[in-house]
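When a residue number appears, it is its place in the shown sequence, counting from 1. One-based numbering, in listed order, for ligands and for the atoms of each.
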Amino acid sequence: MKATIDTLISATADVDLQKIAEKVKHNERITDAEGITLFEKGSLPFVGALANFIRERLHGNTTYFNRNFHIEPTNVCVFSCKFCSYSRLYANKEEGWELSIDQMLDIVKSYDNKPITEVHIVGGVHPKMNMEYFIELMQKIKAHRPNLHVKAFTAVELDYMFRKAKLTTEEGMKQLHAAGLDSLPGGGAEIFAPEIREQIAADKVNADGWLRIHEVAHELGMHSNATMLYGHIEKYEHRIDHMRRLRELQDKTKGFNTFIPLKFRNHDNEMSYVPESTITEDMRLYAISRIYLDNFPHLKAYWPMLGRDNAQLSLSFGVNDIDGTIDDSTKIYSMAGSEEQNPAMSTEELVTLIKQVKRTPVERDTLYNIVKDYSNVNFDNASFEVSNN
Ligand code: V47
Ligand code: SF4
């Protein structure tokens, strides 16, 4: 591997890029200015080679996936993010849905006897779904299936819930954790820089609030993920600013598991006039985030948003996790124009997808404990083609 990076350094004429490659070789942190330099000057093969070097130093060929399912309690939302194709105002209830606790419990029960390790629960911010409602939901899920890991609620949902209940972040988080909340997903982060956030997500929790909620979760021993919505009106400096805030919090708490870049999709929302980023720019973003976020153990490509082919491609650009079976009718991405309308992949499909690009498929749980190594498992009937359809 070192030979590859030495070749890259000697083939690079630009001294700034050479210096960055030397840092990567010696496992040193790059600065914010160097992050910007990578966005401005780093070609796809250059950043890809560096990111792959880091990915293989951390994880070899191991590529993680998990077996999970999603529940979206509601698409009714009090907020009005301009990029959102999914939320409906409370006044437009006929276009919205809201699931009762029993309906959500029925979804959980439909996975009885299936080897699922995680339920992911994220939705709109409904004015009537409050702390009591979600505490009851957590308790009932855990009473039914104690070992199911509950990863639920973005910091946006939590901020609203806690404020409405007049609880401090610490008190609110403790109550939900005691009821069964195990970890937090990474949504709601969007772009932290106020000059962009105010244009695309003006009325929900700001950067400091989002980061504080994750910090409190980490202090209680919970883990969480972090996302970044990219490829809209933000500039390179805003991407680096976003990642710098995450890197600083991670230095302090070490509570983040995974960074998940989310590509802005422009179907049927108030930002449909903004063109979507190209696949080249997507791969460069993955690679640069792998290089910049040196203290994040994992980088995830969320395959329903990116599509299967591109998720495969991302495994050469720093990504070491492609999320899970998902197995649901999740709408937040399909309504925004994502590749997958009803995302679900069987374990066989995920394993085959990873093996096709010569990586090693390993099933993990939410906290990256290994559930099963599939390198020597062959599926007789896995003869399908991986495609975006
Ligand atoms: O915060 C909404 C994004 C996020 C669009 O932690 C859009 O494992 C693109 O929390 N184009 C919520 N993205 C999703 C989320 C998540 C997803 C996958 C894995 C994990 C995890 C967490 O969905 C929102 C927002 O950034 N989103 N609309 C859109 N038009
Ligand atoms: Fe509501 Fe989330 Fe959509 Fe924003 S992105 S409007 S918070 S559902």
Using a 4.0 Å cut-off to any heavy atom of [X], which atoms of ligand 1 qualify?
X: L262; value: 3 (C), 4 (C), 23 (O), 26 (O)
X: K300; value: 8 (O)
X: N269; value: 30 (N)
X: F264; value: 9 (C), 11 (N)
X: H120; value: 16 (C), 19 (C), 20 (C), 21 (C), 22 (C)
X: I260; value: 6 (O), 8 (O), 19 (C), 20 (C), 21 (C)

Once you restrict to heavy atoms under 4.0 Å, what part of K263 touches ligand 1? Side chain, backbone, both or neither.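 It is the backbone that touches ligand 1; the side chain stays farther off.
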Where does V156 meet ligand 1, judged by heavy-atom distances below 4.0 Å: at the side chain, the backbone, both, or neither?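 No part of V156 comes within reach of ligand 1.
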Grab the two heavy atoms, one from V274 and one from N266, that are nearest each other, plus how far apart they are.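 Looking at all heavy atoms of both residues, the closest pair is O-ND2, 3.0 Å.
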Could you tell me which non-hydrogen atom of M161 sits nearest to which non-hydrogen atom of M129, and how far apart they are?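 What the structure gives for the nearest pair is CG-O, 4.5 Å.
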Would you kindly say whether [X] and [Y] are connected by a side-chain donor-acceptor distance under 3.5 Å?
X: D32; Y: Y292; result: yes
X: N269; Y: S85; result: yes
X: S100; Y: D102; result: no
X: S80; Y: D203; result: yes
X: R284; Y: T278; result: no
X: H126; Y: T74; result: no

Within a distance under 4.0 Å of any heavy atom of [X], pick out the atoms of ligand 2 and give their elements.
X: C84; answer: 3 (Fe), 5 (S), 6 (S)
X: F79; answer: 6 (S)
X: K204; answer: 4 (Fe), 5 (S), 7 (S)

Check whether any side-chain heavy atom of K114 lies under 4.5 Å from a side-chain heavy atom of F69, and answer yes or no.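 SC-SC contact between K114 and F69 ruled out.
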So that I can check it, does any N, O or S atom in C77 come closer than 2.8 Å to atom 1 (Fe) of ligand 2?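 Yes, since at least one N, O or S atom of C77 sits under 2.8 Å from atom 1 (Fe) of ligand 2.
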What I want to know is whether [X] and ligand 1 share at least one N or O pair that is separated by under 3.5 angstrom.
X: L229; answer: no
X: E190; answer: yes
X: N225; answer: yes
X: Y302; answer: no
X: G186; answer: yes
X: K151; answer: yes
X: F83; answer: yes
X: T227; answer: no

From atom 4 (Fe) of ligand 2 out to just under 2.8 Å, does an N/O/S atom of C81 turn up?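 For C81, the answer is yes, given that an N, O or S atom comes within less than 2.8 Å of atom 4 (Fe) of ligand 2.
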Using a strict cut-off of less than 4.0 Å between a Lys/Arg side-chain nitrogen and an Asp/Glu carboxylate oxygen, indicate whether E248 and R244 qualify as a salt bridge.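 Salt bridge between E248 and R244, a charged N being under 4.0 Å from a carboxylate O: yes.
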Before accepting this row, confirm whether a basic side-chain N of the pair E234/R197 lies closer than 4.0 Å to the acidic partner's carboxylate O.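 Looking at E234 and R197, the cut-off is not met.
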State whether the side chain of D182 and the backbone N or O of V150 hold a donor-acceptor pair below 3.5 Å, judged by distance alone.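 Confirmed, D182 side chain pairs with V150 backbone.
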Exam field: side chain H59 to backbone P297, donor-acceptor pair closer than 3.5 Å: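 Here the side-chain-to-backbone pair exists.
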Has M271 got any heavy atom lying under 4.0 angstrom from an atom of ligand 1?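 No, M271 has no heavy atoms under 4.0 Å from ligand 1.
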Is the shortest distance from a heavy atom of H267 to ligand 1 less than 4.0 Å?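 No, H267 has no heavy atoms under 4.0 Å from ligand 1.
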Should we say atom NZ of K19 is surrounded by more than 12 heavy atoms from elsewhere, each under 6.0 Å from it?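 Counting neighbours around NZ of K19, 12 or fewer heavy atoms of other residues, nucleotides or ligands fall under 6.0 Å, so no.
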